[in-house]
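Below, chains carry the letters A, B, ... as their sequence lines are ordered, and counting in each starts from 1. No hydrogens, no waters, no symmetry mates; every other heavy atom, side chains included, goes into these values.
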Amino acid sequence: MLYIIRRLVLFIVTVALVSIITFGVFQILPGDPVKTMLGTEADEVQIESLRKELGLDRPLHEQYMDWVQGLFTGDLGNSIRFSMPVSDLLMDRLPVTLSVASLALVIVLFVALPLGIFVAKRQNKISDVLLSSATQLGMAIPSFWLGMILIIYIGMNFDFFKINGYVPWSESIAGALSTLVLPALTIAIPQIAVKFRYVRTSILEQMQLDYVRTIRSKGLPEKIVMYKHILKNSMIPILTIFGLITAEVVAGTIIVEQVFALPGVGQLLITSISYRDFPLVQGIVMYITVTVVFINFVVDILYSVIDPRIRLR
Amino acid sequence: MKRYAKNINLVVGSIIIFGFFLMMIVSFFYTPYDVTAMDIPNKLKAPNTEHIFGTDEFGRDIFSRILVGSQTAFVVGLLTVIIGVVFGVTIGGIAGFIGGWVDELFMRLMDALMAFPGIILALMLVAVFGPGIVNTSIALGIIAIPNIARVARSGFVQHKEAEYVMAARLIGVKPLKIMFKHILPNVSSQIIVAASIAFAIAMLAEAALSYLGLGVQPPDPSWGRMLKDAQAYLIGSPWYTYAPGGAITILVLGLYMLSNAIRDIMDPRSKA
């Protein structure tokens with residue numbers, strides 16, 4: 001219990017600091033933010049009304065408290081470009097981003113885990129060199145370039161795949177997949193290249209422990225040794241990695257949406273930066289970051305469920 | 001020396017970095033074609049003997065633009081690392097050396113910065129600072145700070161109780177001098193490794209921001225920006241993306257290899 005409370009306090013402190021940073025950064029904008037947003041053609045009346053609408057005529061801490069309250073109630077004010085509530089815009093775009101991210105996550109899980117187990121069983125000098133090269137390449141290749149390569153070699157050769165735009169799930173499942181698989185692969189491939197090695201290391205570490213030797217000497221079939229005993233015990237480090245992956249997949253989606261012209265949160269964020277639509281930028285940054293921090297918090301709690309020893313630390 | 005020759009990461013990484021560095025130096029004095037000279041009749045020509053990487057949508061030589069683009073990559077990477085190291089070492093050093101609530105305050109702040117996904121923080125900062133080489137570097141430098149601060153802090157915590165620090169304190173050496181003259185050289189190897197990784201991340205992030213149209217702006221050449229332009233011609237001229245994408249990947253790969261090699265050489269225990 002103490003462990004969970006400690007984690008919860010840390011989670012709240014982190015979210016509070018993140019909100020202060022996200023709010024504070026936009027206070028150091030050079031010049032008058034209202035004038036910057038409206039451009040040079042705006043007249044005094046427009047400027048005053050926008051200033052009032054944004055609440056910029058009030059003291060800073062009040063503005064901050066208002067904004068934080070808005071985060072909880074979903075009322076983050078209106079986007080300047082769309083004259084629509086920020087939360088409505090987000091809700092509109094969220095399904096696209098969530099679809100890409102979850103599909104990518106599923107691909108990573110279903111490939112990286114078996115691959116990690118597979119290579120852990122066969123280790124030698126040559127495969128070690130190959131594996132570490134694959135990992136380094138996975139870290140070095142920019143996702144947006146990988147996306148273009150997938151478009152060139154897969155998207156343009158198979159009619160099934162659409163290389164831009166989005167079809168909602170409700171319209172057609174095959175249609176949705178045809179627009180989502182390539183972006184999801186773009187995010188997943190580098191993640192797999194980097195993360196399957198963690199699975200491998202984690203399994204190899206377990207393999208050397210005494211209990212494995214004991215159950216082997218009892219004559220248990222290799223399958224049971226691997227899947228029932230070793231895998232179970234390697235779950236904690238693996239879980240840590242997948243906590244990290246979620247954060248990276250969410251961030252990866254932001255860029256990859258741009259390659260495949262997917263109308264998701266990432267595209268909304270990038271266009272709102274170009275249009276200097278700062279309430280929208282602030283809201284998106286805050287929600288994405290809190291989601292990621294929350295996932296890490298959940299992963300922390302899950303550890304203690306899987307391995308009760310952690311609670312004692 | 002023989003021992004190092006067997007280190008594939010060191011050899012390949014050094015060759016790549018040295019190659020690109022040479023390319024950058026040469027590009028200041030010589031490029032096969034004028035990087036801004038347009039030649040519309042010869043636009044989007046696939047790689048051939050005259051233009052080994054082909055020509056872009058204005059008929060400009062892609063190879064020459066790749067050469068000049070390396071300047072931007074190195075400048076942004078270097079500025080980022082300078083900002084990251086100066087602030088990171090100062091913050092981490094003070095936190096580790098003084099300890100107590102200062103440590104707690106500084107490190108919680110660093111944790112909060114690290115809680116943002118890197119690209120989200122980068123986008124938020126360029127939204128505030130605006131685009132361009134210097135602003136991009138400042139944004140990326142801020143992102144590099146927390147990691148370097150963490151590394152510096154753990155080094156300073158390790159060393160502050162060491163006997164040579166005690167001795168220095170006893171004979172009345174000033175704390176600042178102990179920090180920078182006595183402890184810093186001892187933790188420099190970890191900081192160099194962290195800085196070289198920050199360099200690689202900065203180059204990738206610059207390419208990403210420029211690809212999104214929010215980083216380096218024309219007329220400054222950038223590989224990420226070239227990829228953005230190339231994307232419009234993906235169907236007719238897919239080879240257009242190969243040179244800029246390949247350049248980013250190979251350079252970043254070289255940096256990662258080199259940073260792995262430095263880590264292995266300076267701290268043989270980490271090799272496992």
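- The shortest distance between side-chain heavy atoms of B:Tyr242 and A:Ile152 falls below 4.5 Å.
- In terms of heavy-atom pairs under 4.5 angstrom with chain B, the leader among A:Val281, A:Thr201, A:Val285 is A:Val285.
- A donor-acceptor pair is defined here as one N or O able to donate and one able to accept, closer than 3.5 Å; no such pair exists between the side chain of B:Gln231 and the backbone of A:Met148.
- Judged by distance alone, with hydrogens and angles left aside, the side-chain atoms of A:Trp145 form a donor-acceptor pair with the main-chain N or O of B:Thr241 at under 3.5 Å.
- Side-chain contact between A:Val259 and B:Tyr211: present, with at least one pair of heavy atoms (C-beta onward) separated by less than 4.5 Å.
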side-chain contact (heavy atoms from CB on, under 4.5 Å) between A:Phe144 and B:Lys228, worked out: CA-CA 9 Å; A:Phe144 44 96; B:Lys228 179 189 170 72; over 6 Å; no

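- Looking at B:Leu113, both its backbone and its side chain come within 4.5 Å of chain A, counting heavy atoms on both sides.
- Most heavy-atom pairs under 4.5 Å with chain A: of the set B:Val126, B:Asp111, B:Leu212, B:Leu125, this distinction falls to B:Leu212.
- If you measure heavy-atom distances from B:Met203 to chain A, you find no contacts under 4.5 Å at all.
- Contact tally against chain A (heavy-atom pairs below 4.5 Å) for B:Ile201, B:Leu255, B:Val252: the top residue is B:Val252.
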Distance-only donor-acceptor hits, side chain of residues 244-251 of chain B, under 3.5 Å, sequence neighbours excluded:
residue: B:Thr249; atom: OG1; partner: B:Gly245; partner atom: O; Å: 2.8

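- Looking at B:Ala115, both its backbone and its side chain come within 4.5 Å of chain A, counting heavy atoms on both sides.
- Put simply, the side chain of A:Ile141 does not reach to within 4.5 Å of the side chain of B:Leu253, judged on heavy atoms.
- Between the CD1 atom in A:Ile284 and the CG atom in B:Leu123 there is a gap of 10.0 Å [rounded to 0.5 Å].
- Residue-environment remark: CD1 (A:Ile12) exceeds the threshold of 12 foreign heavy atoms within 6.0 Å.
- When the candidates A:Leu17, A:Ile273, A:Ile288 are compared by the number of heavy-atom contacts under 4.5 Å with chain B, A:Ile273 comes out ahead.
- The candidate from B:Gly254, B:Gly118, B:Ala207 with the greatest count of non-hydrogen atom pairs under 4.5 Å with chain A is B:Ala207.
- Within the 4.5 Å cutoff, no side-chain heavy atoms of A:Val250 are placed close to those of B:Pro117.
- For OH of A:Tyr198, the number of neighbouring non-hydrogen atoms (other residues, nucleotides, ligands) closer than 6.0 Å is 12 at most.
- Across all non-hydrogen atoms, the minimal contact from A:Val18 to B:Ala112 is CG2-O, 3.8 Å.
- With rounding to the nearest 0.5 angstrom, the OH atom of B:Tyr256 is 10.0 Å from the CD atom of A:Gln136.
- In this structure, A:Thr14 OG1 and B:Met114 CE are separated by 12.5 Å, a value rounded to the nearest 0.5 Å.
- Partner of B:Phe116 under the side chain to side chain contact (heavy atoms under 4.5 Å, CB included) criterion, chosen from A:Thr22, A:Val293, A:Val292: A:Thr22.
- With a 4.5 Å cut-off on non-hydrogen atoms, A:Met156 touches chain B through its side chain but not through its backbone.
- At a 4.5 Å heavy-atom cutoff, the contact between A:Leu137 and chain B is made by backbone and side-chain atoms alike.
- Rounding to the nearest 0.5 Å places CG of B:Leu109 at 5.5 Å from CD1 of A:Ile21.
- Enclosure of atom CZ in B:Phe87 is not indicated, since only 12 or fewer non-hydrogen atoms of other residues, nucleotides or ligands lie within 6.0 angstrom.
- Looking at A:Leu146, neither its backbone nor its side chain comes within 4.5 Å of chain B, counting heavy atoms on both sides.
- Proximity to chain A is limited to the side chain of B:Leu214, based on heavy atoms less than 4.5 angstrom apart.
- Crowding of A:Phe160 atom CZ: a count of heavy atoms from other residues, nucleotides or ligands under 6.0 Å exceeding 12.
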